[in-house]
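Shown next, in structure tokens, is the structure this report addresses.
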Amino acid sequence: MARPEDILSRPDAEDFLYEEARLIDEGHFEEWLDIFTEDGIYWLPINLDAAPNEHLSLIFDDKLRRKERVYRLSQTKFPAQSPPSQTQHIISNVQVWEGVTDDLATGEVTIYSSQIIYEIRGVTADDRQLGLGDQRTFAGRAEHRLRREQGVWKISLKRLVLLNRNLPIPNLTFLI
Amino acid sequence: MDSFTPIAKTTLDTQALVFEDESDFRVHGSVYTDDQIFNAEMRDIFGKCWIFIGHESEVRNSGDFKTSFIGRRPVVMSRDEHGEIHVFFNRCRHRGSVVCREERGSVKRFQCQYHGWVYGLDGTLQGVAKHKGGYPDDLDKSRLGLMAVPRVEIYRGLVFANMDANAITFTAYLGAAKPFLDIHLDRAPDGEVEVVHGAHRTEYRGNWKFQAENSTDGYHGDTVHESFFKLVAEFGNKSGQHGAYTQGDLDEIFAHRMTGRTLGFENGHGIWESPLSPDAAENMRAGPFADYVDWLEGKYGTQSMHEMLNAMNLLIFPSLAVLHGQFRVIRPISVDRTEVAMHFFKLKGASEAYNNFRLSGYQRFFGPASFGSPDDVEIFAFNQTGLQAEEVEWLLLSRGMARETSDKLGVRVAESTDETPQRAFHRAWRAHMGA
């Protein structure tokens with residue numbers, strides 16, 4: 001009987017997550033869109049036990065909403081990203097589990113990882129207005145459900161559970 | 001022992017801080033930056049006005065509670081064994097510790113974690129730890145319950161509290177703004193709304209009044225939210241409708257934004273209203289929510305149906321805004337620090353699909369990772385930074401004064417980008433401060 005790591009090894013899973021982090025940290029958002037499936041969901045829940053229509057989420061993006069998010073970040077200028085965020089992802093504690101269908105033959109696995117995301121806006125003395133110049137840390141557990149489409153792994157669900165999801169967060173407009 | 005003593009007055013001259021004549025309206029910068037003024041607001045504004053505590057649907061069952069604030073004062077809203085809602089100070093009568101530390105939950109009783117005093121769901125003192133010998137055997141527990149906030153009124157499910165025992169009723173306080181709160185609730189086929197659990201919380205390093213003023217500000221959108229309108233022009237409203245805007249030309253969206261109106265009410269309440277574009281109702285009718293539009297038209301008639309689909313932001317002075325399916329609660333923490341909680345509500349009786357669409361549209365513009373409200377919050381910190389130039393004394397709020405009219409109820413009406421609601425806010429502010 002196949003084990004999850006027989007179809008996606010942990011080093012390959014790590015490489016997948018590192019590449020996603022690179023796309024975000026370097027601002028390649030259009031390419032980031034392409035690593036999701038058509039029906040892929042990007043979800044930052046507030047309550048882990050509630051359905052996304054029974055509880056507010058920080059982010060609940062289907063394909064169109066992700067496209068809107070990337071359009072806004074890359075094609076428009078707005079106060080919450082003027083100056084823009086810079087991020088650095090640190091990824092650890094990677095585990096490869098079975099997919100939701102429990103059928104490895106369909107090529108579906110789940111990767112769990114711990115992620116620490118450093119974020120900063122404004123890096124010069126001139127940027128030290130209120131609200132700028134703070135280096136913020138976001139820590140969370142990420143769940144990536146991957147599905148193999150024409151030989152390429154794509155994200156059917158990315159669920160990122162932030163530790164501070166219930167606290168006031170002034171600005172999460174930088175894609176995370 | 002059970003006395004309730006209002007905070008003493010100061011001799012601060014607040015009346016000169018809001019200046020108005022026939023063509024000029026100004027607010028002094030210290031109104032947003034001075035600690036003494038902030039402390040006076042906690043007494044004269046939050047200590048005298050009707051403050052939103054929460055919605056009944058947040059404490060649905062006996063034992064449910066929710067913590068909240070009246071200015072800085074921590075309070076608990078609870079539902080007791082008989083279904084009654086209580087609002088009392090979250091302060092143990094013994095040595096002052098809060099008795100409830102969770103934002104919400106369900107309990108059988110409240111126990112102070114310091115020395116273990118126990119209170120019932122209605123606030124009555126039920127038990128004093130190690131009572132015998134430490135206190136008289138006949139200690140009058142009935143006088144040592146959690147102190148109730150002097151006045152509580154529930155209006156169509158919205159729970160308001162008032163520190164002032166002599167305050168006018170909530171309905172009188174709302175005055176001519178009442179029909180506009182009703183519109184938000186009448187959109188629900190069952191006539192009531194239900195808060196979706198979880199809140200979007202944000203915090204900013206700026207004065208609480210910036211968010212209060214902004215909630216009915218029709219002037220800032222074209223600049224602060226230009227990015228969002230470009231996005232709507234590009235993608236339309238498939239992923240969530242935000243007011244009246246439709247896909248197409250950015251200039252058309254901006255032109256449409258000029259067609260609304262603003263209103264200012266006697267007790268400081270205000271409205272910004274943006275009408276539905278002429279084809280929006282028909283577009284809705286052609287889509288999956290035709291049943292809802294038909295229901296609205298059947299119940300209220302064609303003209304009122306259009307009005308009820310308008311985007312309409314209502315600020316209930318001083319710190320509750322009702323807009324876009326949310327109760328927005330503004331919580332002052334200090335003169336330059338504010339927390340804002342946005343509670344989305346469902347329309348009871350509307351289809352699940354329609355409520356999901358409303359939620360999706362809400363989350364598109366509101367919340368920390370959304371495409372709208374984080375930009376407002378960013379500006380409030382700009383404001384607070386700029387106001388450190390104290391020698392530039394005044395903020396100017398005179399826009400549209402020349403075209404402002406008054407109706408027979410004393411409601412002031414002007415165009416959609418005018419500062420009519422903000423002037424109403426500051427007139428009420430001045431009337432309350434030091435009164």
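Just so it is clear: chains get the letters A, B, ... in the order the sequence lines come, proteins before strands, and each one is counted from 1.
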Can you tell me if [X] has over 12 outside heavy atoms packed within less than 6.0 Å of its [atom1]?
{"X": "B/Y219", "atom1": "OH", "answer": "no"}
{"X": "B/E102", "atom1": "CD", "answer": "no"}
{"X": "B/R101", "atom1": "CZ", "answer": "no"}
{"X": "B/R337", "atom1": "CZ", "answer": "no"}

What part of [X] is in contact with chain A, defined as an atom under 4.5 angstrom from a non-hydrogen atom: side chain, backbone, both or neither?
{"X": "B/Y362", "value": "side chain"}
{"X": "B/A199", "value": "backbone"}
{"X": "B/E103", "value": "neither"}
{"X": "B/T223", "value": "neither"}

>> Which residues pass the salt bridge (Lys or Arg N to Asp or Glu O under 4.0 Å) test with A/R69, not counting sequence neighbours?
In response: A/D61
What pairs of donor and acceptor atoms, side-chain ones from residues 226-233 of chain B against any protein atom, are under 3.5 angstrom apart with sequence neighbours left out?
from, atom 1, to, atom 2, distance (Å)
B/S227, OG, A/R72, NH1, 3.0
B/S227, OG, A/T76, OG1, 2.8

>> side chain to side chain contact (heavy atoms under 4.5 Å, CB included), that's the test. Do A/E68 and B/R364 meet it? Break it down for me.
In response: CA-CA 9 Å; A/E68 292 180 342; B/R364 196 186 191 202; 2.7 Å; yes
>> Can you give me the closest heavy-atom contact between A/S57 and B/H200, atom names plus distance?
In response: O-NE2, 2.6 Å
> Taking all atoms of both residues into account, what is the closest heavy-atom pair of B/G198 and A/L56, and its distance?
Replying inline: O-CD1, 3.7 Å
> Are the side chain of B/D375 and the backbone N or O of A/A80 linked by a donor-acceptor pair below 3.5 Å?
Replying inline: yes
>> If the contact rule is any heavy atom under 4.5 Å from chain B, which residues of residues 164-173 of chain A qualify, in numerical order?
In response: A/N166, A/L167, A/P168, A/I169, A/P170, A/N171, A/L172, A/T173
> Heavy atoms under 4.5 Å from chain B: which residues of residues 20-31 of chain A carry them?
Replying inline: none
> Quick one: what part of A/N47 sits under 4.5 Å from any heavy atom of chain B, side chain, backbone, both or neither?
Replying inline: neither
>> I'd like to verify something: which residue of B/E339, B/Q363, B/E203, B/K346 has the highest number of heavy-atom pairs under 4.5 Å with chain A?
In response: B/Q363
>> Contact between B/H197 and A/E54 at the side-chain level, heavy atoms closer than 4.5 Å - yes or no?
In response: no
>> Would B/F371 and A/R65 count as a side chain to side chain contact (heavy atoms under 4.5 Å, CB included) here? Give the steps.
In response: CA-CA 10 Å; B/F371 309 154; A/R65 191 62 63 84; 3.7 Å; yes
> Below 4.0 angstrom, N of the basic side chain to O of the carboxylate: do A/R121 and B/E378 qualify?
Replying inline: yes
> Given the options A/L44, A/D62, A/I46, A/L64, which has more heavy-atom pairs under 4.5 Å with chain B than any of the others?
Replying inline: A/L64
> Quick one: CG on A/N53 to CG on B/N356, what's the gap to the nearest 0.5 Å?
Replying inline: 4.5 Å
